[in-house]
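Please read these numbers as outputs of a predicted model, since none were measured by experiment. Note that these values count all heavy atoms, side chains included, but never hydrogens, waters or copies made by symmetry.
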Amino acid sequence: MNKKGFVSLMTATVLTAGMLAGCSGGNNNNRSAEPSSPAETAGANNQSEGFTDYSKGFEKKVAIDIPVYERAFEGWNVTDNYYTRWVQAEFGDKYNIEVNYVPITRSSEVTDYEQLLASHKAPDIIFHYDMPQALTYYGEDVMQPLNYAEIENYAPTYWKNMSETIQQYGTVDDQNIFFFAARPEADNFVNIIRKDWVEQVGMKVEDLTSLERYNEMLKKWKENGLGVTGGALVQNSFNYNYAFRDWPVDAAYRALYSDLSVADLPSVDTERYLRNLNYQYNNGLIDKEFYLRNDDNKIKSEFVAGKTGTYGFYLTNNTDVFAATLANNPDAEFTVVPPYAGVPEGYKPQGRAYWPFGFIMGINYETTDEERAAVWMYLEWLSQPDNLFKFQNGVEGENYTLDAEGIAVKNPDYKGEAVLAQNNNKDYWGLVTEIAQYEDADKTLTSNLRNWSPAGYEDLANDMVKYYNEVAEFRTPDAMFTVVLEKVNEYKADLNSLFQDLYVKTALAPEAEFDATYEAAKKTYLEAGYQEILDEKQEAIAAGKFR
């Protein structure tokens, strides 16, 4: 189940922090190979374009800086560990390349990137999961145009895997700008709930068929002195109102209001969302300090302490949330929240569908020709099945063993030097694919379930997949504009900050004052620049400049 409509009610995942000032323009002059069109690159191979042969390594050492999320958990050094040293030994030393990893804080990645760009210390790859922010980087002129034939020359395996996606989505303003990681259709984001609490008030999880039923359960939790639903500050990832939309959603309406980079405050969908949030707050059904939970650790700690009964996170087999919660609450039981629990009666469990790619990436405008070639060589090395498999699974006989089907069976008790990061090292291999895959779909699902299933909690992963498939028809992707929205770039930093103030003020208002508070908030927000964004989007929509 992905973090679509319901997550914002319960445990909205905190992503990026506020934007800093953009970099100056004019950065891309003479910084890259001449771009070529997809048609021109078709069939290109090896030296046909006159590219320098680095197969025996660079004459002088070349340093590349590769971004990696730093999720800050105890005992893990994101830039120096078994796997970074393995990359250097097996890839870097072979080609006379120094591979440096640049930590990017997951909860404030845009801020980190903007600071690094401003100080000319940004990594060679500039990435983000969402196109609006990727287009913002492009609009700041910090990405250089790409020669697709060059990618194919230095990274033929990667190009074979991703060329169709790159050629379809990588062009902006008739320039080749973006390259991508693959995104197979799957998701391991899950909302869990204290099953023992649900049953303690005489209900079953299967009873949570609507938002109204969910709120009814929360009232019973309160009456029995159990706890509240989890909550978090909504910031920089704005998918909170999907479950409150009419269905089917109109494509132009979706393009106008769906935007992960700028919050939609004035729509009727947001009004419905905020009215429920206001109701939950005023009736003591939600974490009363939800607006102070601005990173995952703060959200998680409330659940682990037994103060909240819900928590949303990426489910992996080595998560510590269950053991930590049981240490404080030995009788705790857990299950998956049905996706219908956050949906008002008469509505559908809508959610945001992913675009058909994972990371959206560009090359730093300050990256040299040799450094850029080395980056492609790194993606090629990373795309080799054996290298990818080791990054995803570790060392055979230590981290895992192979079963009769050839699937890696993880050793959950392994604590040695080659221990994987908590998300199975995805922050490293995510440059080429979002999800580990085998040669057939059934085998991949089996492997995913193992990677997602903590020992003793296999049913959670199974239910997560079941619900994900059940509501697939109600997932729709956000519109992808093919032009830079200048007003979005101009106003979004200020609007993100303003939105936090206005939506929290509305949510915390006495119920009798909700309407007046919300109307004043809408007026303030529209006048602060959001109306100009809507006008700009309307113009682009009318011109067909979106997918």
Side-chain angles (χ1 to χ4, degrees), residues 32-33 45-47 51-70 75-104 116 120-127 146-147 150-162 179 181 359 361 363-364 366-400 408 414 416-421 423-433 436:
S32 71
N45 56 59
N46 291 340
Q47 303 305 308
F51 299 114
T52 304
D53 184 2
Y54 297 121
S55 61
K56 293 181 172 58
F58 291 87
E59 183 178 351
K60 295 182 180 179
K61 181 166 287 187
V62 172
I64 58 173
D65 296 327
I66 304 297
V68 59
Y69 282 139
E70 182 172 37
W76 182 259
N77 186 328
V78 71
T79 62
D80 182 14
N81 54 65
Y82 174 88
Y83 296 96
T84 63
R85 295 190 290 271
W86 165 65
V87 169
Q88 185 60 51
E90 296 297 318
F91 167 75
D93 294 350
K94 179 178 179 180
Y95 297 109
N96 201 25
I97 298 170
E98 179 183 326
V99 184
N100 303 309
Y101 290 93
V102 179
I104 303 293
L116 290 166
H120 301 279
K121 296 179 181 179
D124 293 298
I125 294 175
I126 299 173
F127 65 36
L146 306 176
N147 182 339
E150 181 185 72
I151 304 177
E152 183 178 17
N153 179 72
Y154 291 115
T157 305
Y158 169 77
W159 179 255
K160 180 180 178 182
N161 293 340
M162 296 306 301
F179 55 103
F359 272 132
M361 297 175 280
I363 295 292
N364 189 329
E366 294 189 301
T367 297
T368 68
D369 293 348
E370 285 191 338
E371 291 165 349
R372 189 179 59 251
V375 168
W376 304 139
M377 292 166 67
Y378 176 65
L379 293 182
E380 176 66 11
W381 181 86
L382 191 56
S383 297
Q384 300 310 306
D386 287 348
N387 298 330
L388 197 54
F389 192 85
K390 181 169 181 176
F391 236 146
Q392 292 168 343
N393 297 283
V395 178
E396 185 176 3
E398 297 182 27
N399 302 81
Y400 71 94
Y414 177 70
E417 181 186 18
V419 65
L420 302 176
N423 59 346
N424 294 314
N425 280 347
K426 193 183 84 169
D427 292 330
Y428 298 93
W429 51 263
L431 295 179
V432 295
T433 185

- request: Provide the closest heavy-atom pair for A418 versus E398 in the form atom of the first, atom of the second, distance.
  value: CB-OE1, 4.4 Å

task: Tell me, please, which residues at least two apart from Y400 pass side-chain hydrogen bond (donor to acceptor under 3.5 Å, both in side chains).
output: none

field: Straight-line distance of Q384 CD to E90 CD, nearest 0.5 Å
entry: 13.0 Å

query: Backbone N or O of N424 within a donor-acceptor pair of the W429 side chain at under 3.5 Å?
result: yes

- prompt: Going by distance alone, is a donor N or O of one side chain under 3.5 Å from an acceptor N or O of the other, for N425 and Q392?
  reply: no

query: S383 and L379: which non-hydrogen atoms are nearest, and at how many Å?
result: OG-O, 2.7 Å

message: When you compare the side chain of N77 with that of T84, does any pair of heavy atoms fall below 4.5 Å?
response: no

query: When the ring planes of W86 and W381 are compared, do they come out parallel, tilted or perpendicular, using 30° and 60° as the limits?
result: tilted

field: Considering all heavy atoms, the nearest P67-I125 contact
entry: CG-O, 3.4 Å

- prompt: Counting N and O atoms only, with roles assigned by atom type, does the side chain of Q88 sit under 3.5 Å from a partner on the main chain of V99, one being a donor and the other an acceptor?
  reply: yes

- prompt: Is R85 salt-bridged to E417, cutoff N-O under 4.0 Å?
  reply: yes

message: Among I66, V87, N81, exactly one meets side-chain contact (heavy atoms from CB on, under 4.5 Å) together with Y428. Which residue is that?
response: N81

message: Do Y83 and L420 have side chains that approach each other closer than 4.5 Å (heavy atoms only, starting at C-beta)?
response: yes

- prompt: Have D65 and N100 got a donor and an acceptor in their side chains that come within less than 3.5 Å?
  reply: yes

task: Might you point out which heavy atoms bring P103 and E70 nearest each other, and give the distance in Å?
output: CB-OE1, 3.6 Å

field: Gap between atom CD1 of I104 and atom CD1 of I126 - 0.5 Å precision
entry: 9.5 Å

task: Tell me, please, which residues at least two apart from Y82 pass ring pair (Phe, Tyr, Trp, His ring centres under 6.0 Å).
output: none

- line: The reported gap from CG in D386 to CZ in F391 (rounded to nearest 0.5 angstrom) is 14.0 Å

Side chain to side chain, M377 and F58, heavy atoms closer than 4.5 Å: yes

- line: Scanning both residues in full, the closest heavy-atom pair of F359 with G430 reads CD1-O, 3.2 Å

- prompt: Is the side chain of D427 donor-acceptor paired with the backbone N or O of V68 at a distance under 3.5 Å, no angle test?
  reply: no

message: Determine whether the aromatic ring centres of residues F51 and W376 are separated by less than 6.0 angstrom.
response: no

Approximate separation, where rounding is to 0.5 Å, of R372 CZ and T367 OG1: 8.5 Å

message: Does this structure show an ion pair linking E370 with K60, if we count only N-O contacts that are shorter than 4.0 Å?
response: no

Donor-acceptor under 3.5 Å (E150 side chain, A373 main chain): no

Full working for side chain to side chain contact (heavy atoms under 4.5 Å, CB included) between V78 and Y101: CA-CA 8 Å; V78 71; Y101 290 93; over 6 Å; no

field: Between NZ on residue K56 and CG on residue N96, distance to nearest 0.5 Å
entry: 14.5 Å

Side chains of V432 and N161 in contact at under 4.5 Å (non-hydrogen atoms): no

query: Roughly how far, to the nearest 0.5 Å, is the OH atom of Y378 from the CD1 atom of I64?
result: 7.5 Å

message: Ignoring hydrogens, what is the shortest heavy-atom contact between W76 and V419? Give both atom names and the distance.
response: CZ3-O, 3.3 Å

- request: Report yes if the distance between the aromatic ring centroids of Y95 and Y54 is under 6.0 Å, otherwise no.
  value: no

